[in-house]
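Worksheet: the structure to be examined is printed underneath.
Heavy-atom basis, side chains included; hydrogens, waters and symmetry copies ignored. Given the structure is predicted, the values throughout are model-derived calculations rather than measurements.
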Protein chains: 2
Amino acid sequence: MARPDSKARAPTMMDVARLARVSPQTVSRVLNDYAFIKADTRQRVLQAIDSLDYRPNIAARTLATSRSRTIGVVATDYLSFGPASALWAVEQAAREAGYAVSIVSLPESNYRTISDALQRLASQAVEGIVMIAPQDVSASAAFMSFDNVPVVTLSSVDTGEHTSIMTDSVEGSRLATRHLIELGHTAIAHVAGPAGFTVSDSRIHGWRKALGEAGLVAVEPVVGDWSAASGYRAGLKVAANREFTAAYVANDRMAQGVLLALHESGRRVPEEFSVVGFDDVPEAAYFIPPLTTMRQDFAALGRRCIEAVLVRINGEPPLEADPLLPVLVVRASTARAPG
Amino acid sequence: MARPDSKARAPTMMDVARLARVSPQTVSRVLNDYAFIKADTRQRVLQAIDSLDYRPNIAARTLATSRSRTIGVVATDYLSFGPASALWAVEQAAREAGYAVSIVSLPESNYRTISDALQRLASQAVEGIVMIAPQDVSASAAFMSFDNVPVVTLSSVDTGEHTSIMTDSVEGSRLATRHLIELGHTAIAHVAGPAGFTVSDSRIHGWRKALGEAGLVAVEPVVGDWSAASGYRAGLKVAANREFTAAYVANDRMAQGVLLALHESGRRVPEEFSVVGFDDVPEAAYFIPPLTTMRQDFAALGRRCIEAVLVRINGEPPLEADPLLPVLVVRASTARAPG
DNA sequence: GGGCAAATTGTTTGCGCAAACAATTCTGAT
DNA sequence: ATCAGAATTGTTTGCGCAAACAATTTGCCC
């Protein structure tokens, strides 16, 4: 390990300048790709930088320029595949654009915690904020005043006031449900996400829409909390009602629970009962049976978030982004309605 | 939205000081909980801070104190449940300790990318680094010289040179395998993680150890890549060999694929074949059948990482942390050996 | 071969904060 | 009342960098 002088402070631009026999400002210019530097000078500076193992002090740069080159991310959950993928993509895209990412995660999400998180990030002088926060409350919280940091929310309502990047859940749900209808199912249950999430409503809405278009009636959806456990409980209820021959489940994790419930209830999938999920998590293809589901491109969502923030950071007019359309992936969990 | 003066710069300590009729330094003292401030003065300052909506400039503070109050996190993967949970816990623990978290994620992990990531974080003057990086290469990379920033790795080899927080995979595997042995299984396959991951080896080792203790022979493990897809492929191979009546699979995701492969091969679980996984992901209880597995406490690992970094930041001697012992969670995927 | 613009480098200054040092006010014990 | 020491506040300075401005050199035209 090369730790030449553990106690000595890190080299500064001054040290580099001295070694390269130039002014500190010239070092700064080299570092910032200023055009009019003689090749020879640049060489000397780069050499000095290299030999001193110099690295610019970001804090000082931030102070001098009042640009932190950092984007803040607020996440209420990234333990699930979707948010995690989005976060991943956000980080990658940010880095490619030369931005660091500072993250704040919220164990629970209410106006207060979100406000704290935003304050915290504002204090770090982040230039933009991406909020991966599907709950309703987060959407409203994004309006809070805290300087002029642009905020982009992922997977939330489109309020018009700030940019929101999202998947078209309504249309996705319609397509999912229509797939079941086209297979001849007429009694199609819905296992919904919990209240307080905008996507819960969107997915209920799309399901209702497809049923309506086909002249079918929608009963009350069974409500879960996105977890496999809640899906299992919901699945037991759905299985108990012998009229249903299919269920559209608002996400894959709950669908996994539903599959287990159906299995334990002796309803064979897909012979007697069809199931469609939403998300297409990587494991969905290995459920028993492999799950038909709506694929969401979380990575694209994440990238779009960064695009949208960057646009705002650069003072350009907000991006007009159409919601992303999920695509139906047909697997073994759906088949023609029995009888 | 209260954006009083969009173009005006944010208030500084100076502004607060003027409004509160004190010196800037007194404002600083109030902010930093200096003991000897008159209650009245403190009140005036706090009021001024509040009315101006003042927030200290972190960059300036960092420059002045050369303490960034930031911890860097390098992650090669947090799309899986384990790393994501750990990251989550790291972020929570860091925040509670008053530290911000700056994250760099690596799409691919080799000496170069890891080096870049560490450089990047060092440049941000992070005070410590947590590396959530199970690959072998990351362990060695942690030794790279880049100032004196303490590095703690999660779930890697214990090299003695830097602190490493981990689960006891060897013992965990031994317990998992012993569970199968106690159920009377004698031909126990292992679906292993890919080469290049220390845990892959540890888990193979624990499995071999348990077999050895019972006087059983170990054949070559089937190697996967942690994904359900690879588990499925491995499962087909294992199922093809009629001698096996059980498999210990190195993680739950692969176990899910194995279950599907067994199902498709007509081997009933657990009547004809038992499966044990590792991790206890939240969905494991809802596999078909629910999966017996070794529970890992990722959140605890994450918290420990922060503890370990803080200790090092404060110049105390490195923490001596025993590896965390995973616990066996018995579910429906294991039963007495047939016959 | 003088002159003007571009190219190249240097100097001064301030970003917002806290450390170091200095000054003043208060307290209680004599 | 008096003084030591604590309590409380103020002043000066520098952290490392880049912006603004200034100075010098070079290239190229007629």
* To do: In sequence, state the C-alpha distance, the side-chain angles, and the governing distance for A:L310 and A:E307, and then conclude on side-chain contact (heavy atoms from CB on, under 4.5 Å).
  => CA-CA 5 Å; A:L310 292 179; A:E307 280 174 36; 5.9 Å; no
* Derivation and outcome, side-chain contact (heavy atoms from CB on, under 4.5 Å), residues B:M13 and B:S28 -> CA-CA 7 Å; B:M13 234 158 75; B:S28 169; 3.3 Å; yes
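The A:P56 side chain lies nearest to D:dC17 when the options are D:dG10, D:dC17, D:dA7. Checking C:dC21, C:dG10, C:dA18 against the side-chain heavy atoms of A:R29 singles out C:dG10 as nearest. Comparing D:dG10, C:dC17, D:dA7 by their nearest atom to the side chain of B:M13 picks out C:dC17.
Between A:E91 and A:R95 a salt bridge is recorded (basic side-chain N to carboxylate O distance below 4.0 Å). Ion pairing between B:R120 and B:D116 fails under the 4.0 Å rule for side-chain N and carboxylate O.
Between the P atom of C:dG16 and the CE atom of B:M14 lies a distance of 11 Å, rounded to the nearest Å. If you take NZ of B:K38 and C1' of C:dT25, they are 8 Å apart, rounded to a whole angstrom. Put simply, CD1 on A:I58 is 14 Å from P on D:dG16, counting in whole angstrom units. When the P atom of D:dC21 is taken as reference, atom CD of A:Q25 falls 13 Å away, rounded to whole Å. When rounded to the nearest whole Å, the span between CG of A:L31 and C1' of D:dC17 equals 10 Å. Here C:dG10 presents its C1' atom at 16 Å from CZ of A:R18, a figure rounded to the nearest Å. What separates CZ of B:R67 from C1' of D:dG14 is a distance of 19 Å, to the nearest Å. Spacing between atom CD of B:Q43 and atom P of D:dT9 amounts to 13 Å, rounded to whole angstrom units.
For the contact set between residues 59-66 of chain A and DNA chain C, defined by any heavy atom under 4.0 Å, the members are A:L63, A:A64.
Looking at heavy-atom distances under 4.0 Å, A:Y34 makes contact with a base. Nucleic acid contact for A:P24: none, since no nucleic acid atom lies under 4.0 Å from a heavy atom of the residue. Here B:I37 lies in heavy-atom contact (under 4.0 Å) with sugar-phosphate atoms only.
Both A:T12 and B:R21 lie close to DNA chain D; mapped to their nearest nucleotides by heavy-atom distance, the more 5′-ward contact belongs to B:R21.
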